[in-house]
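Every number for a ligand or one of its atoms is a count from 1 in the order of the listing. Everything quoted here is computed from the prediction, not taken from an experiment.
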Amino acid sequence: MITINEKEQVFHLHNGRISYLLYVMESGQLGHLYFGRQLRPEGSYRHMVEKAHRPMSSYIAEGDLYTSYEHLRQEYPTFGTSDYRYPALEVQGPDGSALCKLEYQGYRAIQGKKPLPGLPATYVENPQEADTLEVHMLDPWRRLEVVLSYTIFRDFDCVARSVRFANKGEETLFLDRAMSLSLDFPDADYETVQLSGAWARERAVKVRALEPGVTAVSSMRGHSSHHHNPFLALKRKSTTEHAGDAYGFSLVYSGNFLAQAEVDNYQVLRVMLGINPFGFRWRLDPGGAFTTPEAVMAYSPEGLNGMSAQFHRLYRSRLARGPWRDKERPVLINNWEATVFDFDEDRLLRIAQKAKECGVEMFVLDDGWFGSRNSDASGLGDWQVNRRKLPGGIGGLAEKVGRLGMQFGLWIEPEMVNKDSGLFRAHPDYILQTPGRSASHGRNQFVLDFSRPEVVEEIYRQLHALLSSADIRYIKWDMNRSISECYSAAWPASRQGEVYHRYILGVYDLHRRLLEDFPDLLIESCASGGGRFDPGMLYYAPQGWTSDDSDAVERLKIQYGTSLVYPLSCMGAHVSACPNGQVGRTTPLDTRGNVAMTGAFGYELDLGRLGPEEIETVKAQVAFYKENRRLLAQGDFYRLLSPFQGNLCAWQVALPDGARALVMVARILSEANGPYRRLPLRGLLPGRKYKVTGKYLSYEAYGDELMQFGLMLEDKSSGEVRDGSGPCRDFSSQIYQVDAIS
Ligand code: GLA
């Protein structure tokens with residue numbers, strides 16, 4: 001999958017569908033040629049370099065009035081040369097100069113893909129699945145070695161990139177900016193798509209047209225954040241969900257990030273993705289090395305949905321890991337919204353018992369079971385059970401839950417501490433804070449300094465003991481505040497710029513150690529809902545709590561936006577009580593179920609408070625989910641109607657062979673006497689006959705009809721219902737089943 005034209009020094013990564021081309025410039029710097037739909041592997045493509053004499057430019061060599069980095073598309077631009085755009089790399093030496101010039105040294109092409117030290121990354125299961133090109137560059141003046149690594153996958157239209165730095169000289173260097181990816185496009189006629197929001201309304205789809213200057217999203221909160229996801233896409237104005245060029249850039253990282261698109265005054269576009277340079281400074285001593293997180297680039301000529309399909313397939317099968325990657329996830333019930341901190345063993349067991357009767361498979365005990373935790377003001381850091389609430393301990397409760405025929409799961413928040421806790425009283429210096437300055441709290445809690453191995457060790461020790469003490473199959477790993485006043489007592493002044501990154505490395509390390517000890521553990525990541533919903537966490541936790549907002553209507557947008565990058569199998573989605581705790585809205589139970597089951601499904605309420613009819617609905621939901629969970633988790637996902645654009649929202653999941661599909665359609669507000677509607681489906685076999693089954697409708701049609709003319713939606717909107725099918729109402733939805741007839 002890598003063709004190298006040695007004479008022309010052109011490297012061509014291709015997999016039959018996409019091409020990525022780079023070359024060595026005369027100056028020795030690495031240039032970019034092309035990324036997109038596959039070009040034929042033979043040929044040099046060096047002629048794609050565009051350069052002209054332009055006044056007010058700085059030229060690399062005396063006598064040459066054409067070659068300026070300002071006008072050349074590069075692979076990994078550096079600071080201080082004739083390029084005036086944002087660089088990918090900024091490195092300062094002891095003389096105070098930040099100038100860096102990289103020169104090509106050679107390359108290595110290898111089969112397969114190497115892991116990244118201490119970092120989550122995509123992987124292969126056998127070397128035939130991918131090829132990796134490593135290009136070795138050197139700043140001879142600084143003796144800084146830079147290895148750019150590119151992996152092309154056989155089965156996914158994605159290229160994974162990362163960069164390794166090694167100080168081969170004798171002086172200490174400081175990396176002030178070390179992006180994972182930089183990519184120069186020949187034109188800027190694109191719109192950017194970003195996923196932005198806030199707590200309880202994460203990952204809304206926002207589209208902006210590019211203009212000269214910088215468009216960026218970022219996080220400086222110490223976690224990837226509710227506010228912006230570490231992702232950016234480019235699409236042409238004419239690109240739709242299902243047609244047209246779409247490029248996606250996704251960072252496999254959970255800390256501060258920057259995703260940026262810069263348009264210069266010649267309409268050249270530079271995309272950049274990596275650790276946020278703001279607040280970052282890595283000391284690279286002689287002999288030292290640093291590796292950036294991985295960035296994944298996807299391309300599809302089949303619109304944004306085509307781009308998402310590449311991310312879904314790669315992340316579901318070659319980023320998520322462990323036995324839970326492909327296993328059917330248990331239907332769970334979580335007690336948080338039912339009890340908050342107010343529970344005892346009896347109350348929990350009653351909730352579990354009722355859930356068991358409905359077919360739920362796992363009971364998850366949320367916050368409030370440990371230390372002195374009766375509100376959010378105390379207890380974090382003390383991971384020992386509160387015997388007043390649970391006299392038999394976690395082991396006793398897990399056993400009783402087990403006797404009901406259910407698995408047991410538990411909530412933890414390992415990275416945090418309350419001042420009112422045994423851990424803080426013993427180690428007040430364990431938190432991130434700037435000496436001599438006040439420290440802000442979030443939800444009455446402080447952030448443990450996970451950049452320090454001894455702090456991670458202390459929490460590891462406690463959690464190892466906890467997980468060894470009971471049959472705990474699942475943990476919900478929460479993280480409920482952002483970092484502020486970031487400073488570590490353990491590191492010298494010259495290393496304070498490393499603390500945010502070292503913190504995340506500590507978080508990854510704790511995940512790694514616990515999973516090595518308890519390989520069958522299912523981890524669901526959470527950060528006040530979706531505050532750290534990113535590919536980095538997905539490597540350790542195959543599912544994440546998508547948002548604290550469990551209202552079905554809000555969730556349409558949240559899950560639709562999330563699906564731009566993330567597969568359904570990783571989107572934790574629960575049915576909760578009404579009126580909804582976040583927005584006060586009352587939605588029908590079937591809509592809550594329909595939206596939640598197109599995710600990693602569960603319940604978050606006291607089922608004992610439902611009437612008999614509602615209990616029957618819950619039983620039917622659980623049974624339907626169980627029958628379909630493989631399809632829902634592993635099938636191809638299609639966004640059909642956007643809740644950001646209208647009153648209807650629809651998505652579809654289909655078996656890759658087109659034999660069965662489920663179509664979720666929600667109508668947000670009811671309407672009187674509306675138009676007839678058809679919904680063109682995707683991913684079916686045109687010549688195959690299907691049976692369509694809705695709540696009140698059933699008919700047969702060929703795949704071509706369902707994809708061209710569309711699925712005929714049942715619409716009880718005439719304002720007068722005569723067929724006994726119940727009134728038209730707000731927030732209605734249904735799941736249609738589409739089955740090939742053999
Ligand atoms: C966060 C989570 C919730 C719940 C609470 C418990 O807000 O997102 O789901 O676990 O913490 O304190």
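Comment: Asp344 does not engage Arg350 in a salt bridge, judged by the lack of any side-chain N to carboxylate O separation of less than 4.0 angstrom. Between Glu345 and Lys400 there is a salt bridge, with a side-chain nitrogen of the basic residue lying less than 4.0 Å from a carboxylate oxygen of the acidic one. With salt bridges taken as basic N to acidic carboxylate O contacts below 4.0 Å, none links Glu516 and Arg513.
The only member of Asn386, Asp382, Asn418 that meets side-chain hydrogen bond (donor to acceptor under 3.5 Å, both in side chains) when paired with Arg373 is Asn418.
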Report the C-alpha separation of Phe249 and Phe231 in whole Å, then their side-chain angles, then the decisive distance to 0.1 Å, and conclude whether the ring pair (Phe, Tyr, Trp, His ring centres under 6.0 Å) test is met.
-> CA-CA 6 Å; Phe249 306 94; Phe231 162 76; 8.5 Å; no
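Protein heavy atom in closest approach to atom 5 (C) of ligand 1: Trp336 CE2, 3.6 Å. At the top of the distance list for atom 7 (O) of ligand 1, counting protein heavy atoms only, stands Asp548 OD2, 3.1 Å. Residue, atom and distance of the protein heavy atom nearest to atom 2 (C) of ligand 1 are Asp478 OD2, 3.0 Å.
A donor and an acceptor atom, one from each side chain of Ser451 and Asp449, are located under 3.5 Å apart. The closest side-chain donor-acceptor pair between Glu485 and Thr434, if any, does not fall under 3.5 angstrom.
Close contacts of ligand 1 with Trp545, meaning ligand atoms under 4.0 Å from a residue heavy atom, involve 8 (O), 9 (O). Shown in contact with Gly529 at under 4.0 Å from a heavy atom are these atoms of ligand 1, numbered in order with element: 8 (O).
Applying the ring-ring contact (aromatic ring centres under 6.0 Å, His included) test to pairs two or more places apart or on separate chains, those with a residue in residues 338-363 are Trp336-Phe341.
Proximity of Glu604 to ligand 1, defined as any heavy-atom pair under 4.0 Å, is not found for any part of the residue. With a 4.0 Å cut-off on non-hydrogen atoms, Asn480 touches ligand 1 through its side chain and not its backbone.
With atom 12 (O) of ligand 1 as the reference point, the heavy atom nearest to it among Asn335, Asp366, Asp367, Asn334 is part of Asp367.
Looking at Lys476 next to ligand 1, an N or O pair under 3.5 Å apart turns up. In terms of N/O distances under 3.5 Å, ligand 1 is not approached by Cys526. Between Trp411 and ligand 1, at least one N/O pair is under 3.5 Å apart.
Judged by the shortest distance from any of its heavy atoms, Arg443 lies inside the 4.0 Å radius around the atoms of ligand 1.
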